[in-house]
Protein chains: 2
Amino acid sequence: MSSPLPPLAAIRVFDAAARHASFTKAAEELGMTQAAVSYQIKLLEERIGAPLFLRRPRQVSLTEVGQQMAPAVADALNLLRDAYATARGGAQGILTVSTLLTFASNWLAQHLGSFHLAHPTLAVRLDTSNHLVDFTREEVDVAIRSGGGEWPGMAVHKLFDADFTPMLSPGLAASIGGVHEPADLLRLPILDPGDPWWREWFSRAGQPVDWLAERPGSSMGAQAYEARAAMAGQGVAIVTRALFSAEIAEGRLIQPFDIVGNDGNAYWLVYPEGRRNVAKIRVFRDWLLAEVEASLGNTGPRAA
Amino acid sequence: MSSPLPPLAAIRVFDAAARHASFTKAAEELGMTQAAVSYQIKLLEERIGAPLFLRRPRQVSLTEVGQQMAPAVADALNLLRDAYATARGGAQGILTVSTLLTFASNWLAQHLGSFHLAHPTLAVRLDTSNHLVDFTREEVDVAIRSGGGEWPGMAVHKLFDADFTPMLSPGLAASIGGVHEPADLLRLPILDPGDPWWREWFSRAGQPVDWLAERPGSSMGAQAYEARAAMAGQGVAIVTRALFSAEIAEGRLIQPFDIVGNDGNAYWLVYPEGRRNVAKIRVFRDWLLAEVEASLGNTGPRAA
DNA sequence: ATGATGAATCAATCTACCTTATGCATGATA
DNA sequence: TATCATGCATAAGGTAGATTGATTCATCAT
């Protein structure tokens with residue numbers, strides 16, 4: 001069914017030589033020596049079994065066979081050039097980000113607008129799920145992960161520590177005359193008191209913790225819902241501070257104390273080591289790090 | 001204007017891998033190892049900046065980028081395959097033979113018919129001229145030359161020695177009661193007595209030569225005309241014996257003596273060393289040598 | 001004549017590619 | 001559940017083939 005392919009390196013050389021009608025010029029274009037061009041052409045001619053060029057005094061010219069072959073070769077190579085270019089460019093058109101649900105809804109969603117402004121040609125596709133993506137088997141460019149920052153073969157950039165701290169609405173705080181010390185919180189409804197984060201935080205704050213229910217595993221994924229309840233004034237939530245800097249800035253939530261708990265995790269930008277220099281990844285990384293920096297900077301720790 | 005070409009070796013591998021959706025199968029098709037395929041794909045992916053395959057458990061599958069690229073690559077490679085195939089085949093369609101005028105008209109013309117019968121798909125184009133073709137600057141596949149058989153870089157096959165000997169028509173011979181010894185010729189008109197071949201031949205035949213006009217250079221190129229005159233009974237011609245074996249066989253000429261002159265030349269089939277194994281050249285060479293052998297064999301030296 | 005240009009050739013070098021060997025993950029099988 | 005089979009990735013190493021640099025040769029221009 002399929003005839004053999006010609007030696008492709010020689011084909012590339014032939015194309016250049018045919019276009020220039022000169023081995024020397026072709027060598028220049030290809031960044032090699034005239035000798036190498038001569039060698040490759042000879043090779044191709046031997047494979048074909050017929051000369052491709054007539055060696056005239058001051059220039060070479062195509063034989064009939066060469067004339068017949070040159071346009072087809074040019075077409076084929078142009079096809080390849082196009083396909084290659086679009087593959088490289090096409091890859092730049094869409095950036096797929098695998099993010100944690102909490103990060104997507106509480107941070108990325110609000111900030112992506114500025115990214116689009118800065119890079120209007122690059123569409124961002126969010127892939128929101130909490131499972132650990134495997135870059136080798138899913139079409140994902142970068143991921144936001146929380147954890148210790150140790151993933152072999154991955155390039156990682158820390159976005160912020162997963163510090164958690166109580167949050168509540170200004171209205172709720174006012175209802176008891178303001179929240180001035182940790183003990184004040186005990187007079188308010190605690191949202192999801194089973195979350196181990198509470199235990200950790202209250203002990204850091206020097207408060208008794210024995211009254212708290214004990215339940216393994218934090219409710220991480222549900223932070224958005226708790227925060228919503230807190231903003232509605234239904235109680236005090238304990239959430240990752242950095243994820244709600246916008247709400248604090250807007251006055252919808254207050255962080256009454258600097259005291260934070262931390263279970264050793266942080267949020268990270270992660271992508272395969274080998275793709276460090278891919279344009280769209282570089283662009284996103286630079287933007288994200290700068291944006292995170294800014295969003296942490298302009299909300300002082302105590303915004304109450 | 002022109003974007004860069006992708007690494008072509010990798011492209012060839014990609015095409016196979018995409019078609020098979022398997023690196024292992026691709027490796028088989030290409031006659032290399034799975035490791036080599038893996039290497040080339042990885043190389044291409046790095047150049048493109050995006051994965052081309054998703055590595056699923058028991059098989060690989062194309063990413064979006066890969067899916068987009070595969071058909072274009074397939075098209076391009078098919079173009080190349082076609083161009084290559086026609087270049088190889090097209091070269092086989094026509095065989096250009098540069099021949100000496102005398103050989104073309106006195107030998108080739110009569111024998112080419114059998115070549116066409118044996119190889120109906122191969123058209124022979126005769127390029128009849130007496131100048132020494134330069135294979136590097138003219139589109140010629142093989143040449144018939146006369147000379148010493150020493151041409152550097154050329155493959156040569158001797159067809160026959162350029163023995164020359166007198167020839168005349170049977171009628172003319174009969175007009176003097178038959179030609180039995182060299183001296184008998186002196187009673188007949190000698191065609192072109194200035195040809196040095198006569199001098200050489202008569203001296204070999206033990207006859208005086210001082211009566212012959214002296215002129216440098218033989219009339220080689222005019223042998224066909226002299227032979228025609230001889231056949232018409234106008235005199236005795238001295239010509240290259242082997243070129244007229246057909247006329248002897250047909251009884252239109254007779255070669256009265258075995259005695260031949262020879263100036264050291266022979267007729268040769270010549271072609272560039274490097275093209276020894278080109279199919280059409282091999283075919284022509286084999287046919288020509290066999291045909292010459294036969295044409296010399298079935299005309300005994302003395303056909304009078 | 002003389003020099004300039006462009007290709008062929010040769011020997012020496014180098015490097016990109018391939019192979020071998022191995023490891024790893026996943027499905028299939030018992 | 002343990003074992004086996006399959007398929008890809010990776011590392012190390014060797015080699016063929018490509019490339020270079022120097023030279024030659026032929027031709028054309030001055």
Side-chain angles (χ1 to χ4, degrees), chain A residues 5-14 16-47 51-63 66 132-138 152-154 272-275, chain B residues 5-14 16-18 20-47 51-63 66 132-138 151-154 272-275:
Chain A
L5 276 173
L8 296 179
I11 285 291
R12 153 190 266 147
V13 173
F14 169 73
R19 276 186 285 104
H20 293 293
S22 157
F23 290 5
T24 304
K25 299 249 183 64
E28 279 168 27
E29 173 183 319
L30 299 174
M32 52 196 211
T33 60
Q34 171 269 324
V37 171
S38 180
Y39 170 85
Q40 293 285 0
I41 297 293
K42 185 178 189 180
L43 189 88
L44 186 57
E45 287 178 327
E46 275 168 9
R47 292 287 193 92
L52 294 167
F53 290 93
L54 296 175
R55 276 68 170 181
R56 311 299 308 291
R58 308 278 291 187
Q59 88 233 351
V60 292
S61 64
L62 288 166
T63 62
L132 252 207
V133 288
D134 180 338
F135 288 92
T136 67
R137 63 182 60 175
E138 289 172 56
M154 298 288 122
E273 182 81 341
R275 306 195 60 204
Chain B
L5 274 174
L8 296 179
I11 286 290
R12 154 191 266 150
V13 172
F14 169 75
H20 293 294
S22 158
F23 291 4
T24 305
K25 300 251 182 64
E28 279 168 28
E29 174 183 318
L30 300 174
M32 53 196 209
T33 60
Q34 169 269 322
V37 171
S38 180
Y39 170 86
Q40 293 287 358
I41 297 293
K42 184 177 189 180
L43 190 88
L44 186 56
E45 287 178 328
E46 275 168 8
R47 292 286 193 91
L52 294 168
F53 289 93
L54 296 176
R55 275 68 170 181
R56 312 299 310 289
R58 310 280 290 188
Q59 88 231 351
V60 291
S61 63
L62 288 167
T63 62
L132 251 207
V133 288
D134 180 339
F135 289 92
T136 68
R137 63 182 60 172
E138 289 172 57
W151 291 281
M154 296 287 124
E273 182 82 340
R275 305 195 60 204

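Below, chain A is the first sequence line, B the second, and so on; all start at residue 1.
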5' precedence on DNA chain C between B:P7 and A:R137 (nearest-nucleotide basis): B:P7

Applying salt bridge (Lys or Arg N to Asp or Glu O under 4.0 Å), can you list everything that pairs with A:R12, at least two apart in sequence or on another chain? none

Starting at atom CD of B:Q40, determine the distance to atom C1' of D:dT10, rounded to an integer number of angstrom. 15 Å

Taking every heavy atom of B:A26 against every heavy atom of B:V37, the minimum-distance pair comes out as C-CG2, 4.4 Å

Given D:dG21, C:dT19, C:dA25, the nucleotide with the shortest approach to the side chain of A:A35: D:dG21

If we only count heavy atoms from C-beta on, is the B:R275 to A:P51 side-chain gap below 4.5 Å? yes

Taken in chain and number order and not counting sequence neighbours, the residues that satisfy ring-ring contact (aromatic ring centres under 6.0 Å, His included) with B:F135 are none

In terms of side-chain heavy atoms of A:M32, which of C:dT19, D:dT20, D:dA18 is nearest? D:dT20

Going by side chain to side chain contact (heavy atoms under 4.5 Å, CB included), name the residues that satisfy it together with A:K42, two or more places apart in sequence or in a different chain. A:E46

Atom pair distance, as rounded to whole Å: NZ in A:K42 and P in D:dT19: 16 Å

Axis-to-axis angle between the two ends of the helix from C:dA1-D:dT30 to C:dA30-D:dT1 (five base pairs per end, rounded to 10 degrees): 30°

Specify the separation, in whole Å, of atom CD1 of B:I41 and atom P of C:dC18. 11 Å

Rounded to whole Å, please give me the gap between CG in B:L54 and C1' in C:dA25. 16 Å

Within-4.5 Å side-chain heavy-atom neighbours: B:L52 and B:L44: yes

Strictly under 4.0 angstrom, non-hydrogen atoms only: write out the protein contact profile of nucleotides 1-8 of chain D, one letter per nucleotide from the 5' end, B, S or -. ----BBSB

In whole Å, I'd like the distance from the CD atom of A:E273 to the C1' atom of D:dT10. 16 Å

Calculate the interatomic distance between B:L8 atom CG and D:dA18 atom P; express it in whole Å. 13 Å

Just to verify, what does A:F23 make a ring-ring contact (aromatic ring centres under 6.0 Å, His included) with, not counting sequence neighbours? A:F53

Knowing that exactly one of A:E28, A:Q59, A:E29 qualifies, which makes a side chain to side chain donor-acceptor pair (under 3.5 Å) with A:H20? A:E29

Tell me, do B:L43 and B:F14 make a side-chain contact under 4.5 Å, heavy atoms counted? no

Rounded to whole Å, how long is the line connecting atom CG of B:L30 with atom P of C:dC17? 14 Å

Atom OH of A:Y39 to atom C1' of C:dT9: distance rounded to whole Å? 13 Å

